[in-house]
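Below, chain A is the first sequence line, B the second, and so on; all start at residue 1.
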Amino acid sequence: MSATVLDWALVAAQVLLALAMVCAVFRLARGPRAQDRVIGLDTLYVNAMLLLLTFGIRTGSSLYFEAALAIALLGFVATVALAKFLMRGEVIE
Amino acid sequence: MMRRIFPFPLFSVALFAIWLLLNQSVSPGHLFAGALIGILGPIAMTALELPRAKFRRVRAILKLLWLWFEDVVRSNNAVAMIVLHPNLRGATSGFVDIPLELRSRYGLALLAIIITSTPGTLWTDYDTATGVMRMHVLDLIDKAAWVRRIKERYESLLLEIFE
Amino acid sequence: MNALPDWAAWLTALLLLLGAGITFIGSLGLVRLRKFYDRVHAPTLGTTLGTLNIVLASMIYFSITEARPVLHEILIAIFVTVTTPITLLLIVRAAVFRDQLGK
């Protein structure tokens with residue numbers, strides 16, 4: 001009984017997170033300005049990371065944790081670089 | 001001497017803890033590697049010549065963390081209501097200028113993190129000459145209330161901790 | 001691998017749904033809000049309570065099934081809490097700069 005509750009909750013949570021990723025992709029594709037796209041990309045990273053955590057619970061494997069941490073780290077660096085690019089037009093001056 | 005080996009003691013402890021958490025182990029090998037990283041990391045950091053942070057009053061820090069958590073929970077709810085509201089009361093957002101007495105760089109950085117990580121408020125600018133901070137508020141109704149709120153809730157505690 | 005007791009399954013399920021729901025509402029705000037500066041507020045929902053709830057669910061689940069405290073997920077919560085304000089600040093400052101430039 002309890003196992004099925006968790007299974008259904010996992011499916012529902014994954015659907016919600018996937019929809020959240022769709023929303024972020026919409027903002028990424030639609031713009032209208034460059035800063036909107038960067039915000040969309042940043043949100044996409046966070047949502048993907050959370051989705052990986054739910055996959056970890058679903059499969060009972062902690063391997064997904066490492067992938068989630070890597071995404072969080074790379075997403076942070078990427079967004080900082082993009083923000084810097086918007087500011088000056090160059091990443092490294 | 002101690003200052004030489006541990007230029008940033010709290011940072012050393014944090015690196016050590018992160019290492020053990022990542023490896024999920026307290027075996028002697030990991031304890032040794034973690035200690036090594038905890039000592040070498042902060043020594044490498046001294047190359048950046050950061051100004052020393054002085055802070056005290058653990059009670060005030062705990063109170064600050066609690067206030068922050070309280071605000072995060074409440075404003076999550078508030079922002080969710082605004083987003084889900086059928087006809088978006090989006091026109092009420094705007095900027096507020098808040099004159100700050102806080103001058104400590106670490107205190108200001110912490111205030112920026114607190115304000116930005118709370119949904120509904122966003123730190124946008126700070127003028128080092130006048131000490132005026134500008135923030136963006138999603139649900140702006142009363143500007144004076146926000147000035148009072150930031151000063152009473154956070155600035156007084158940050159002044160107590162950092163100055 | 002231990003079996004999950006009823007209360008833990010319900011708690012994990014609740015935390016997961018709460019976290020995913022909050023994250024979804026935040027991302028929905030990204031689509032619905034009309035001005036750029038309004039939209040920057042929306043993703044913080046996912047990076048504060050959204051992340052916290054899902055991380056807690058993961059911690060509870062693994063701590064019980066592996067019968068030992070599994071705490072390393074807390075690193076993700078701390079990391080996201082510390083870095084999101086920095087990225088948002090940088091993006092907003094870039095946006096302010098570009099507004100002044102009139103791009």
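At a threshold of 4.5 Å between non-hydrogen side-chain atoms, the residues A:N47 and C:S27 count as touching. Put simply, the side chain of C:F24 reaches to within 4.5 Å of the side chain of A:C23, judged on heavy atoms. Side-chain contact between A:F76 and C:I86 is present, with at least one heavy-atom pair separated by less than 4.5 Å.
Of residues 68-78 of chain C, those residues with a non-hydrogen atom less than 4.5 Å from any non-hydrogen atom of chain A are, in numerical order, C:H72, C:E73, C:I76.
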**Item:** Step-by-step side-chain contact (heavy atoms from CB on, under 4.5 Å) determination, C:L16 to A:L6
**Value:** CA-CA 9 Å; C:L16 271 175; A:L6 187 55; 4.3 Å; yes

**Message:** Pair C:T51, A:M49 - check side-chain contact (heavy atoms from CB on, under 4.5 Å), show working.
**Reply:** CA-CA 9 Å; C:T51 306; A:M49 184 201 77; 4.2 Å; yes

**Prompt:** Run the side-chain contact (heavy atoms from CB on, under 4.5 Å) check on A:L50 and C:V55 step by step: do they pass?
**Reply:** CA-CA 8 Å; A:L50 294 178; C:V55 161; 5.5 Å; no

**Message:** Assess the residue pair A:L17 and C:I54 against the criterion (side-chain contact (heavy atoms from CB on, under 4.5 Å)); give the C-alpha distance rounded to whole Å, side-chain angles, the decisive distance to 0.1 Å, and a yes or no.
**Reply:** CA-CA 11 Å; A:L17 287 172; C:I54 291 179; 4.1 Å; yes

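Contacts of C:V92 classified as side-chain contact (heavy atoms from CB on, under 4.5 Å), with partners at least two apart in sequence or in another chain: B:L122, B:T124, C:Y37, C:V40, C:V96. With sequence neighbours left out, the side-chain contact (heavy atoms from CB on, under 4.5 Å) criterion links C:L17 to A:A9, A:A12. Not counting sequence neighbours, C:T44 has no partner by the side-chain hydrogen bond (donor to acceptor under 3.5 Å, both in side chains) test.
Neither the backbone nor the side chain of A:M21 comes within less than 4.5 Å of any heavy atom in chain C. Contact of C:V80 with chain A is made through the side chain alone, with heavy-atom distances under 4.5 Å. With a threshold of 4.5 angstrom between heavy atoms, C:F79 approaches chain A through side-chain atoms but not through N, CA, C or O. Within the 4.5 angstrom heavy-atom criterion, no atom of C:I25 approaches chain A.
We find the CG-CE distance between A:L53 and C:M59 to be 11.5 Å, quoted to the nearest 0.5 Å. Of the inter-residue distances, the one linking A:M87 atom CE with C:I91 atom CD1 reads 11.0 Å to the nearest 0.5 angstrom. Distance check: C:T84 OG1 to A:D42 CG gives 7.0 Å after rounding to the nearest 0.5 Å. Residue C:F36 holds its CZ atom at 5.0 Å from CD of A:Q35, rounded to the nearest 0.5 Å.
Of the listed residues (A:L44, A:L73, A:V46), the one with the most heavy-atom contacts under 4.5 Å to chain C is A:L73. In terms of heavy-atom pairs under 4.5 angstrom with chain C, the leader among A:V38, A:D36, A:V15, A:L10 is A:D36. Of the listed residues (A:T43, A:L16, A:I57), the one with the most heavy-atom contacts under 4.5 Å to chain C is A:I57. Annotation: maximal heavy-atom pairing with chain C below 4.5 Å, among A:G40, A:S61, A:A24, occurs at A:S61.
Contact between C:L30 and A:R27 at its shortest, heavy atoms only, is O-NE, 2.8 Å.
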